[in-house]
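The structure under discussion appears below in the form of structure tokens.
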Protein chains: 2
Amino acid sequence: MTSRETTSWLQIRDELLRRVRERVWEPGALIPGEVELAEEFGCARTTVNRALRELAEAGLITRRRRAGTRVSINPPHKATLTIPIIREDVEARGASYRHAILHRDTRLLPAHLGGAFHLPEGTQVLYTVTMHYENDRPYIHEERYTHFAAVPGLEEQDFAQISANEWLVQNAPFTGGDMAFFAITATEDLARCFDVAPGAALFTVERSTWNDQAPITLARMTHAPGYRMRMSL
Amino acid sequence: MTSRETTSWLQIRDELLRRVRERVWEPGALIPGEVELAEEFGCARTTVNRALRELAEAGLITRRRRAGTRVSINPPHKATLTIPIIREDVEARGASYRHAILHRDTRLLPAHLGGAFHLPEGTQVLYTVTMHYENDRPYIHEERYTHFAAVPGLEEQDFAQISANEWLVQNAPFTGGDMAFFAITATEDLARCFDVAPGAALFTVERSTWNDQAPITLARMTHAPGYRMRMSL
DNA sequence: TAGTGGTCTAGACCACGGC
DNA sequence: CCGTGGTCTAGACCACTAT
């Protein structure tokens, strides 16, 4: 309707979004088809399609051929977490970063990790323990198992200059992975690293990654007391 | 090249993705323009654009007018977490769900929460404490402040049948929010709720949500010992 | 100013899936 | 079957920005 002016898919998306939010179209209701909307907005069907596709990707509407487009009943709320390289994360806050290798050896995969790592017990892996510091204060304790066969050039790395965290991100691109967040009580070892009493509550992230061929690495990152991991919705 | 067949933007995306992953195009390198790629794949520029747009949204490439398209140097790894309604989460695992209201009152917003809630100290809020059970075992302890003025109909709800968690999701749609994950040591109260010793490490999620107008609710959800929150990459 | 990506159009064909 | 969304095309103009 009206005089064309600046029809853009963004404006159409926003208008459709308004109708969903303000319940002009009730949850579960069928909304007009692309052709009809294109007439209403005085634009090509392609343009309406672009707007509707965005809303569908966000989960606000559900689209099915022949059945049409409906307002979602329970729009799924999703949070996105961007996983930073620890050094960049620290430096982005204007703090200084350094790391230290506490341990490094080659060993056979412990039996209890076979499940998380999807590799047979006894596969040769590199085991590293790294401490990351923010302004010279303990920040993250990283314990990591890395699959030798999946990462060419791994043996030559001593991770003195570049941490395993950073080196792997840049040299062993992964195609998939999963993470788990949980709380642990500090072991004596960890308590010493963070200079707290044994038994203190620590926030831990466990992450395993793989590419198309094989598992790459399994890391357990334990954060300093009081750490909060933030994400936005 | 070749005979058209089934050129689709998905195939083009996958081929481009392969070239990025296998370093046919190095990180930081300039890749061919849309016109050139369209010629190579024997399709319209629009189709190539669609494929490139997807990769750009995923962060694998960076596009700028005039400057062209480059392979990202540090492709940001993102994890997506779908936030479930607690009841649905529990029932999806085949377990039984129930909840109990431990406390409910109307109070003025405590001063120390003003920062997290972006409301002036002294605003009237509903304070609720709810215990969620999985198979009759304590699962999540939920402490929540809800902004009266932002949620019509809140006063009439006693949350006996439907938990605050579920009711708010369906009746107070939010447009934004943020979350924080961290570990706490169990207070005496919490230890009693979960039947553990005070000082045990517990995993906590704090979430605040708002809509265009105002903050809606601030919830702190403390999980049973041993709980792991999972997400995939 | 010129080259690149961003968007829009009008039309077309196809795939899916209620009917 | 046939209506709906999904995609593709060829062409066009525009917005941004490196040079």
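Chain naming here is simple, since letters A, B, ... match the order of the sequence lines and numbering starts at 1 in each.
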Let me check something: any side-chain donor-acceptor pairs from residues 154-163 of chain A under 3.5 Å, sequence neighbours excluded? List them with distances.
residue, atom, partner, partner atom, Å
A:D158, OD1, A:A160, N, 3.0
A:S163, OG, A:N165, N, 3.4
A:S163, OG, A:E166, N, 3.2

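- Taking atom CZ of residue A:R13 and atom P of nucleotide C:dC8, one finds them 11 Å apart after rounding to whole Å.
- Annotation for A:R137: atom CZ does not count as buried by contact number, only 12 or fewer foreign heavy atoms lying within 6.0 Å.
- The distance between atom CG of B:L10 and atom C1' of D:dC8, rounded to the nearest whole Å, is 13 Å.
- The shortest distance between the side-chain N/O atoms of B:T46 and the OP1/OP2 oxygens of D:dA10 is not below 4.0 Å.
- The main-chain N or O of B:I85 is never found under 3.5 Å from a side-chain atom of B:D89 such that the two would form a donor-acceptor pair.
- Rounded to the nearest 0.5 angstrom, B:L218 CG and B:E143 CD are separated by 9.0 Å.
- Just one of A:R87, A:R98, A:R93 meets the salt bridge (Lys or Arg N to Asp or Glu O under 4.0 Å) condition when paired with A:E134; it is A:R93.
- B:R53 has no side-chain polar atom (N or O) that falls below the 4.0 Å cut-off from OP1 or OP2 of C:dG6.
- OP1 or OP2 of C:dT9 sits under 4.0 Å from a side-chain N or O of A:T47.
- Taking the side chain of B:E34 as heavy atoms from C-beta on, and the options C:dG5, C:dA10, D:dA10, the nearest nucleotide is C:dG5.
- Of the inter-residue distances, the one linking B:W25 atom CH2 with B:R70 atom CZ reads 13.5 Å to the nearest 0.5 angstrom.
- The separation between B:N49 atom CG and C:dT9 atom C1' is 15 Å, rounded to whole Å.
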Check the interface with nucleotides 17-19 of chain D: list each N/O to N/O pair with the protein under 3.5 Å, or write none.
residue, atom, partner, partner atom, Å
D:dA18, OP1, B:R64, NH2, 2.6

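- Protein atom CZ of B:R45 is 19 Å distant from nucleotide atom P of D:dT7, rounded to whole Å.
- We find that CD of B:E57 is positioned 14 Å from C1' of C:dG5, with the value rounded to whole Å.
- If you measure from atom CZ of B:R70 to atom P of C:dT4, you get 12 Å, rounded to the nearest angstrom.
- A donor-acceptor contact shorter than 3.5 Å links the side chain of A:T217 to the backbone of A:Y145.
- Following rounding to the nearest Å, A:L30 (CG) and D:dG3 (P) show an atom-to-atom distance of 15 Å.
- Straight-line distance from the CD atom of B:E36 to the P atom of C:dG3: 15 Å, rounded to whole Å.
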